[in-house]
2 protein chains.
Amino acid sequence: MIKITAQQQKVLDCIEVYIKETGFPPTRLEICNELGFKSPNAAEMHLRALEKKGVISIKSGSSRGIVLNNKIPDGYPVIGLVAAGSPTLATENIERNIQCDSSLFGSNFDYFLKVKGLSMIEAGIFEDDLVAIKKTTDVKNGDLVVARIGDEVTLKHFYRTQESIELRPANKDYSVIKINNSVSQFEIEGKGIGLLRTH
Amino acid sequence: MIKITAQQQKVLDCIEVYIKETGFPPTRLEICNELGFKSPNAAEMHLRALEKKGVISIKSGSSRGIVLNNKIPDGYPVIGLVAAGSPTLATENIERNIQCDSSLFGSNFDYFLKVKGLSMIEAGIFEDDLVAIKKTTDVKNGDLVVARIGDEVTLKHFYRTQESIELRPANKDYSVIKINNSVSQFEIEGKGIGLLRTH
DNA sequence: ATATATACTGTAATTATATACAGTATAAAT
DNA sequence: ATTTATACTGTATATAATTACAGTATATAT
């Protein structure tokens, strides 16, 4: 794991802001002016440290030759609800990528899950809708969750009662799944924070 | 209208490609190397011409101080369904902007309409959902359309019958709106090509 | 105990870069 | 007919910027 110091983070932030505002990276001196350093070598040393940690690249000999290595993700993967097995981010499970902002649904998310079946239709979630999933196990009552029971992956509303955990469909033709001690291999994969539908 | 010469376009393309590949703008000499010029002044003159035409800005005294003025659009506007009046793109009607790709829903669209009411609930369109609207009058039976009847703006399914045009809700508690000769000021604003929901 | 990383100041040299100036030539506008 | 814009070469220079070197000091790792 790469650990960045507070000062190095300041320098990195400074570079990002500078690029965002001007369209090109800052010089050592401009970093100094921004952060109050009195020697260009202060900026230089921070840049070297950031390069060593792989966060940036420095194109030697070029003015403003600072390259940010935090490559923008080329969209979010769309994953089908495979009948058996978890909706992993393995390449073979990715149907396509959708280019959108991480903040499209307010908070960050990890992938889109393509909905199979009609179990959530009363919640306005139709077949082939894409539900934005944030990988987490921190879920509250009423949350839309992606749960795995053995090899089965399902999208339901989460409710915790005194005796058990309930996965409730939003379709009166489907029945509630009750999770108790006899159910093994139960896991919350994540929660749905948004929905995307193409007509 | 700004007219750019073929050579100036080459220089502009060169700058765009260079920025895309390196993350920072080229120097005069680097432009020369890319395009085969033998004098830095060739690049300089092209840059001056491009600046004069407003396509770029040059930050005098800064190395690589070339700024592209073709600002990326800051997303798609979210427009509320105002009870009276059309959902225009006037600034006062824009609630916020959503940053996403134009191809998020397959084809291009113009704005997001924030849904009010429950008339389309059986089509999985809930209150406060955002429907991506493409401005067009070319609609087919079954399309989700934004229609304006006088001052009233509504989101419904479009059906053309022998006698009239029908705007059908997707909620049995609502009734079909029939458009016939007695209805004045009827207009199709656009059609819904996608949906965005935040949980 | 000694080395290594962090976190700087201060100075200086080399190189990278912008930019001015002097030309040449052609095409389009007034 | 004369100006103005385009489209360069070629040279020169001031300055912008990288980058090396010499220090100082503290914290953390081995």
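We name chains A, B, ... by the order of the sequence lines, and we start the count at 1 in each one. Every value quoted in this text rests on a predicted model; they were computed, and no experiment measured them.
In 5' to 3' order, the nucleotides of DNA chain D bounding all contacts with chain B (an atom under 4.0 Å from a heavy atom) are D/dA5 to D/dA17.
Each of A/Ser62 and B/Met45 lies near DNA chain D, and the nucleotide nearest B/Met45 is the one positioned closer to the 5' end. When each of A/Pro40 and B/Thr27 is assigned the nucleotide of DNA chain C with its nearest heavy atom, A/Pro40 is the one assigned upstream, toward the 5' end.
Remark: B/Lys134 NZ is packed, more than 12 non-hydrogen atoms of other residues, nucleotides or ligands lying under 6.0 Å away.
Nearest nucleotide to the A/Ser39 side chain, out of C/dG10, C/dC21, C/dT19: C/dG10.
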Under 3.5 Å, side-chain donor or acceptor atoms of residues 169-177 of chain B against the rest of the protein: list the pairs with distances, not counting sequence neighbours.
{"unit_1": "B/Asn171", "atom_1": "OD1", "unit_2": "B/Asp173", "atom_2": "N", "d": "3.0"}
{"unit_1": "B/Asn171", "atom_1": "ND2", "unit_2": "B/Leu118", "atom_2": "O", "d": "2.8"}

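To the nearest 0.5 Å, atom CG of residue A/Leu47 and atom CD1 of residue A/Ile56 are 4.5 Å apart. The distance from the CD1 atom of A/Ile125 to the CG atom of A/Leu195 is 6.0 Å, given to the nearest 0.5 Å.
Put simply, the side chain of A/Gln8 reaches to within 4.5 Å of the side chain of A/Lys53, judged on heavy atoms. At least one side-chain heavy atom of B/Ile149 sits less than 4.5 Å from a side-chain heavy atom of B/Leu167.
In this structure, A/Asp110 contributes its side chain and A/Lys135 its backbone to a donor-acceptor pair below 3.5 Å.
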Which protein N or O atoms sit under 3.5 Å from an N or O of nucleotides 4-6 of chain C?
{"unit_1": "C/dT6", "atom_1": "OP1", "unit_2": "A/Lys53", "atom_2": "NZ", "d": "3.0"}

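When rounded to the nearest whole Å, the span between CG of B/Leu29 and C1' of C/dA20 equals 16 Å.
Under the ring pair (Phe, Tyr, Trp, His ring centres under 6.0 Å) test applied with B/Tyr76, the options B/Tyr111, B/Phe109, B/Phe105 reduce to a single match, B/Phe109.
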